[in-house]
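Both backbone and side-chain heavy atoms feed into the values below; hydrogens, waters and symmetry mates do not.
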Amino acid sequence: MNYYANNAPSGNVGTAIVRIITGLLLAYHGFEIFDAKLMKDYAQWDMFKDLPIGLVLVYLGKGAEFVAGILLALGLFTKLASVITIITMLGIMFFVGHGKFWYEDQHPFLFVLLALIFLLNGGGRWSIDERLKK
């Protein structure tokens with residue numbers, strides 16, 4: 001019975017689809033790093049504007065989203081990308097969203113949960129990580 005649970009083709013397809021979509025969504029949000037005006041606008045938000053490194057934090061967050069998203073979409077260094085996603089999204093959830101993940105800011109929390117799945121299970125059979133193992 002365990003053989004079928006671990007080797008079912010539909011499970012690998014599902015894992016790949018969810019990993020790729022999650023990665024593409026993260027990369028999409030992180031792509032804002034290439035819009036200097038938007039990044040400066042983010043740095044003017046209340047939680048960043050009084051910090052001497054507010055703009056740096058904005059760039060670090062968006063850069064982390066972009067890089068982790070690409071890595072997840074490819075299934076390359078999936079566990080590292082998952083850790084980057086978890087740390088970034090927890091920062092967004094508690095620093096930017098003030099910890100209101102149950103109501104107002106659910107998207108970062110959902111990214112944390114998805115990244116946790118990939119951290120624990122890897123990228124699946126249809127990932128570059130899996131190809132590199134062989």
Side-chain angles (χ1 to χ4, degrees):
M1 179 97 163
N2 198 11
Y3 172 82
Y4 294 108
N6 292 330
N7 294 304
S10 62
N12 289 314
V13 171
T15 299
I17 289 170
V18 171
R19 178 181 46 76
I20 292 166
I21 290 172
T22 300
L24 291 175
L25 287 170
L26 276 171
Y28 172 76
H29 287 285
F31 193 77
E32 293 176 342
I33 195 170
F34 299 110
D35 184 342
K37 182 185 177 326
L38 184 59
M39 298 301 285
K40 287 179 184 175
D41 289 345
Y42 286 149
Q44 292 306 308
W45 288 4
D46 287 342
M47 69 280 311
F48 297 116
K49 71 179 178 182
D50 293 331
L51 297 174
I53 60 165
L55 186 61
V56 172
L57 291 174
V58 170
Y59 271 98
L60 282 174
K62 286 297 177 181
E65 286 179 2
F66 185 70
V67 170
I70 290 174
L71 291 175
L72 280 175
L74 295 172
L76 178 63
F77 307 123
T78 303
K79 292 189 178 202
L80 174 63
S82 298
V83 170
I84 292 169
T85 301
I86 290 168
I87 291 169
T88 302
M89 291 299 144
L90 285 175
I92 290 169
M93 199 167 64
F94 288 105
F95 183 66
V96 177
H98 306 292
K100 297 179 183 178
F101 64 90
W102 61 89
Y103 183 67
E104 294 173 8
D105 294 313
Q106 297 171 349
H107 291 102
F109 183 63
L110 293 174
F111 278 121
V112 168
L113 293 178
L114 288 166
L116 186 59
I117 290 170
F118 299 124
L119 177 64
L120 297 174
N121 297 314
R125 189 184 312 172
W126 291 9
S127 66
I128 293 176
D129 289 339
E130 194 63 29
R131 300 272 185 222
L132 293 175
K133 286 182 188 177
K134 294 179 180 181

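Taking every heavy atom of both residues into account, M47 and L51 meet most closely at O-CD1, 3.3 Å. Looking at every heavy atom in both residues, A81 comes nearest to L71 through CB-CB, 3.7 Å. Residue I33 comes nearest to M39 through the heavy atom pair CA-SD, 3.8 Å, listed as atom of the first residue, atom of the second, then distance. Heavy atoms only, all atoms of each residue included: L74 and R19 are closest at C-NH1, 3.5 Å. Contact record, K79 with L120: NZ-O, 4.2 Å, taken as the closest heavy-atom pair.
Under the 4.0 Å criterion applied to side-chain N and carboxylate O atoms, D41 and K37 are assigned as salt-bridge partners.
Using a distance-only test at 3.5 Å, with no hydrogens or angles considered, a donor-acceptor pair links the side chain of D129 to the main chain of T78.
Note: F66 and F31 have tilted aromatic rings, judged against thresholds of 30 and 60 degrees for the angle between ring planes.
The CD atom of E65 lies 4.5 Å from the CD1 atom of I92; values are rounded to the nearest 0.5 Å. Put simply, CG on L60 and CD1 on I87 are 12.0 Å apart, with the number rounded to the nearest 0.5 Å. Here the straight-line distance linking atom CG of L26 with atom CE of M89 works out to 5.0 Å at 0.5 Å rounding. Between atom CD1 of residue I86 and atom CG of residue L114 there is a gap of 10.0 Å, rounded to the nearest 0.5 Å. Expressed to the nearest 0.5 Å, how far CG of L24 lies from OH of Y28 amounts to 12.0 Å. The line from CZ of R125 to CZ of R131 is 9.5 Å long, rounded to the nearest 0.5 Å.
Grouping the Ile, Leu, Val, Met, Phe, Trp and Tyr side chains by contacts below 4.5 angstrom, directly or via other members, places L113 apart from I20.
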ask   = What's the verdict on side chain to side chain contact (heavy atoms under 4.5 Å, CB included) for V18 and F118, showing C-alpha distance, side-chain angles and the deciding distance?
value = CA-CA 10 Å; V18 171; F118 299 124; 3.9 Å; yes
inquiry  = Run L72 and S82 through side chain to side chain contact (heavy atoms under 4.5 Å, CB included) and show every step you take.
reply    = CA-CA 8 Å; L72 280 175; S82 298; 4.0 Å; yes
message = Could you walk me through whether T85 and L119 satisfy the side chain to side chain contact (heavy atoms under 4.5 Å, CB included) test, starting with their C-alpha distance in whole Å, then the side-chain angles of each, then the deciding distance to 0.1 Å, before giving a yes or no?
response = CA-CA 10 Å; T85 301; L119 177 64; over 6 Å; no
task = Test W126 against T15 for side chain to side chain contact (heavy atoms under 4.5 Å, CB included), laying out the working first.
result = CA-CA 8 Å; W126 291 9; T15 299; over 6 Å; no
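Remark: aromatic rings of F48 and F95 are close, center separation under 6.0 Å.
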